[in-house]
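First the proteins, then the strands, lettered A, B, ... as listed; each starts at 1. As a basis for the values below, the full set of heavy atoms in this structure was taken, side chains included, without hydrogen atoms, waters or symmetry mates.
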Protein chains: 2
Amino acid sequence: MKASIGDVALKAGVSNATVSRTFAHPEQVSEATRLKVQAAADALNFSVSRSAGILKSGRTYRIALLVGSGIIEWFTAEIIAGLNDVLRDAGYDLVIYPIEGSEARDAFFEELPVRSNADAVFVSSFGISPDEVKRLGTAKIPIIGINTTSEGFDATVGINDKEGIKLIVRHLAKLGHRNLLYLYESFSSTLGFSSFNRISGFQEACDAVDGLTARTLAVQKGDSILDAAISEIMAQDNPPTALCFHQDSQAIPLFFRLQRSGLSVPGDISVTGFDDSTFAKEAELTTVRQRPYDMAVDAAQKALALIEGQPIEEPFETFPVQLQVRGSTAKPRATPLL
Amino acid sequence: MKASIGDVALKAGVSNATVSRTFAHPEQVSEATRLKVQAAADALNFSVSRSAGILKSGRTYRIALLVGSGIIEWFTAEIIAGLNDVLRDAGYDLVIYPIEGSEARDAFFEELPVRSNADAVFVSSFGISPDEVKRLGTAKIPIIGINTTSEGFDATVGINDKEGIKLIVRHLAKLGHRNLLYLYESFSSTLGFSSFNRISGFQEACDAVDGLTARTLAVQKGDSILDAAISEIMAQDNPPTALCFHQDSQAIPLFFRLQRSGLSVPGDISVTGFDDSTFAKEAELTTVRQRPYDMAVDAAQKALALIEGQPIEEPFETFPVQLQVRGSTAKPRATPLL
DNA sequence: ATGAAAGCGCTAACAT
DNA sequence: ATGTTAGCGCTTTCAT
């Protein structure tokens with residue numbers, strides 16, 4: 001059915017090796033032969049099969065990406081795009097493994113399907129345990145972390161989450177806010193190392209400001225983070241004057257809800273996000289910008305270098321974050337809400 | 001370095017074939033031998049390499065997904081999730097090919113990297129030409145379309161875009177709207193067959209209603225579709241009373257913009273979307289719901305059947321759409337805006 | 001139940 | 001510049 005290298009060789013009247021060379025090292029083949037071979041290949045709709053070459057090379061030309069959830073949100077989508085752009089050009093396939101739920105998780109680390117079947121593995125924003133990293137290490141392939149701890153990883157890329165949230169806190173403090181509330185989903189797919197730092201960084205930054213009251217509120221996934229937010233704003237005793245969301249996508253819907261509740265941003269309440277993702281600009285959401293696409297491109301390059309056994313100049317890289325001050329933050333109300 | 005089947009066989013004191021069978025057909029191996037082999041495999045951190053088996057089987061266990069853009073938006077993210085969930089369980093890798101720009105496109109169809117290197121190919125929301133489909137057909141693998149025409153495809157899944165937009169138009173007409181404007185990005189990544197139908201379906205549906213004025217407005221990608229929308233609303237002569245957006249993600253930011261412009265939804269203007277994607281519910285956006293995840297699951301199952309050479313009961317499947325009436329639509333203003 | 005051996009399609013060393 | 005050949009790691013008959 002499908003033409004193989006032998007069919008082409010037969011048709012072109014040359015040896016298998018010459019056909020192989022025509023595609024792999026065309027400069028080693030004479031012009032005349034090359035044309036003959038190409039004509040035969042075209043006639044037979046032949047393309048070189050990667051599988052065979054892969055077997056010979058000892059490489060799999062597959063690179064795995066472990067993500068915490070099957071739902072592909074902004075961050076993961078950017079990561080996939082960045083990784084794919086670099087890896088595809090280098091001849092590698094990116095294979096996505098969503099590790100959802102503890103059964104799937106245990107199964108993955110038990111079977112370790114990447115062992116012998118991937119040349120490198122990325123772990124993205126995934127609350128991976130030291131034991132799991134260790135287990136992954138037995139696959140003897142480079143492990144690259146994206147927004148993870150660096151323990152056990154061959155390379156990592158990420159942002160300084162603490163630094164990022166600190167920018168938010170200091171911005172709000174300078175505006176005069178003295179009562180902040182941090183909101184996040186406690187089982188959010190992104191609640192790994194990165195998230196942990198963002199939350200603890202918030203507390204640290206707040207503690208560093210005199211007279212600043214700060215609370216963090218974990219909302220169960222599924223519970224409405226918006227209901228929680230509105231309830232807190234309307235509380236009689238000491239309501240926050242600013243809400244800091246763990247990520248933009250949790251803050252965006254709040255704007256709609258607030259409008260319906262007769263509350264105005266930033267007049268009644270200031271709101272901040274984190275990511276600078278979809279709609280953040282249009283919503284005029286004050287946030288912290290990170291660029292996961294760029295991180296992924298860098299991570300992919302690190303992976304390729306590690307696969308080649310090349311030394312990496314900077315295995316653990318921290319990417320810049322930037323405060324984006326927009327219309328959702330302003331001075332707190334001078335008078336109580338009611 | 002990496003243990004191969006021979007190493008395990010040696011260590012366990014059995015033949016290669018027995019090791020192979022232990023993993024592929026454990027029931028054919030005696031309990032005692034199986035345990036011996038497994039112990040040896042564990043000690044050597046051995047896993048069966050897929051590459052070799054792939055070579056023997058003649059299959060690649062790779063399935064390609066062609067998408068029109070490197071940016072993974074809601075629709076594509078859902079498709080990837082759905083395909084991956086089914087294909088991974090069946091032992092297939094999903095490989096994403098973003099075909100961006102005409103050079104990349106020509107290169108893809110020239111080299112046809114999926115030929116001999118994928119067992120099936122999905123084409124998602126991609127304005128593919130008949131010639132390109134034909135060319136793709138020379139790869140002799142199943143071609144499955146997702147929101148495409150069916151010409152040249154072995155199977156397709158999709159929605160009836162015309163039917164969907166018709167629901168929107170009839171809903172608005174019933175509310176009393178007589179002047180509608182349809183807005184879309186003329187080079188949007190999703191502007192394939194599906195988009196074309198949505199736009200022409202809009203016109204058809206409007207033509208079917210007596211006294212209904214309808215226009216469509218293509219905005220260059222990059223130009224602000226929001227600026228265009230606001231300008232149209234503020235036009236002195238015969239401004240539309242409802243804006244129909246090609247997809248939710250174009251309508252969502254409008255809410256923010258309108259608020260700043262002192263315009264209220266649906267008081268001053270009704271707004272509709274299409275997709276029922278992220279934030280549509282929170283924004284109370286009237287829209288048409290489609291479920292790309294479900295379509296992808298079905299498409300993946302069709303692909304697996306086609307690969308096995310099994311007949312498909314329903315190769316060309318249309319999935320239901322559903323009108324979601326929400327707060328962004330109401331009767332038109334009785335009086336002019338100004 | 002287990003072993004021996006051929007071969008999947010290609011590449012690269014070596015030979016000419 | 002081109003041909004010959006061994007072999008990548010596994011699966012699968014065919015023997016035993």
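An OP1 or OP2 oxygen of D:dT2 is reached within less than 4.0 angstrom by a side-chain nitrogen or oxygen of A:T33. The side chain of A:S20 contributes no N or O atom lying less than 4.0 Å from OP1 or OP2 of C:dC10. Taking side-chain N and O atoms only, B:S30 has a distance below 4.0 Å to OP1 or OP2 of C:dT2. Contact annotation: B:S51 does not reach the phosphate of D:dG9 (side-chain N/O to OP1 or OP2, under 4.0 Å). Considering only side-chain N and O atoms, A:S15 lies nowhere under 4.0 angstrom from the phosphate OP1 or OP2 of D:dT4. At C:dA12, one or more side-chain N or O atoms of A:H25 fall inside 4.0 Å of OP1 or OP2 (strictly under the cut-off).
B:F23 comes within 4.0 angstrom of nothing in the nucleic acid, heavy atoms only. Note on B:R21: a base of the nucleic acid sits closer than 4.0 angstrom, heavy atoms only. The residue B:V14 sits close only to the backbone: its heavy atoms come under 4.0 Å of sugar-phosphate atoms, none of a base.
A straight line from CD of B:Q28 to C1' of D:dT12 spans 10 Å, rounded to a whole angstrom. Spacing between atom CD1 of A:I5 and atom P of D:dC8 amounts to 19 Å, rounded to whole angstrom units. Across the protein-nucleic acid pair, A:N16 atom CG and C:dA13 atom P stand 17 Å apart, rounded to whole Å. For the pair B:R59 CZ and D:dT12 P, the interatomic distance rounds to 12 Å; values are reported in whole Å. The interatomic distance linking A:N117 (CG) with D:dC10 (P) rounds to 10 Å, in whole Å. Atom CD of B:E31 is separated from atom P of C:dA1 by 12 Å (rounded to the nearest Å). The separation between B:K56 atom NZ and D:dT11 atom C1' is 5 Å, rounded to whole Å. The nearest whole Å value for the distance from the CG atom in A:L55 to the P atom in D:dC8 is 9 Å.
With respect to the salt-bridge test (charged N to carboxylate O, under 4.0 angstrom), the residues B:E314 and B:K302 do not qualify. Salt bridge status for A:E151 with A:K134: absent, with no side-chain N to carboxylate O gap under 4.0 Å.
Looking at B:L66 and B:F122, their side chains never come closer than 4.5 Å, going by heavy atoms from C-beta outward.
Residues that satisfy the salt bridge (charged side-chain N to carboxylate O under 4.0 Å, His left out) test with B:E103, not counting sequence neighbours, are absent from this structure.
Annotation: cation-pi geometry not satisfied between B:R291 and B:F319 (NZ/CZ under 6.0 angstrom from ring centroid, within 45° of ring axis).
In the set D:dG3, D:dC10, C:dA4, C:dA4 carries the atom at the smallest distance from any side-chain atom of B:A17. Of the candidates C:dT2, D:dG3, D:dC10, the closest approach to any side-chain atom of B:F46 belongs to D:dC10.
Checking B:S57 against A:V19, the closest nucleotide of DNA chain C that is more toward the 5' end is the one next to B:S57.
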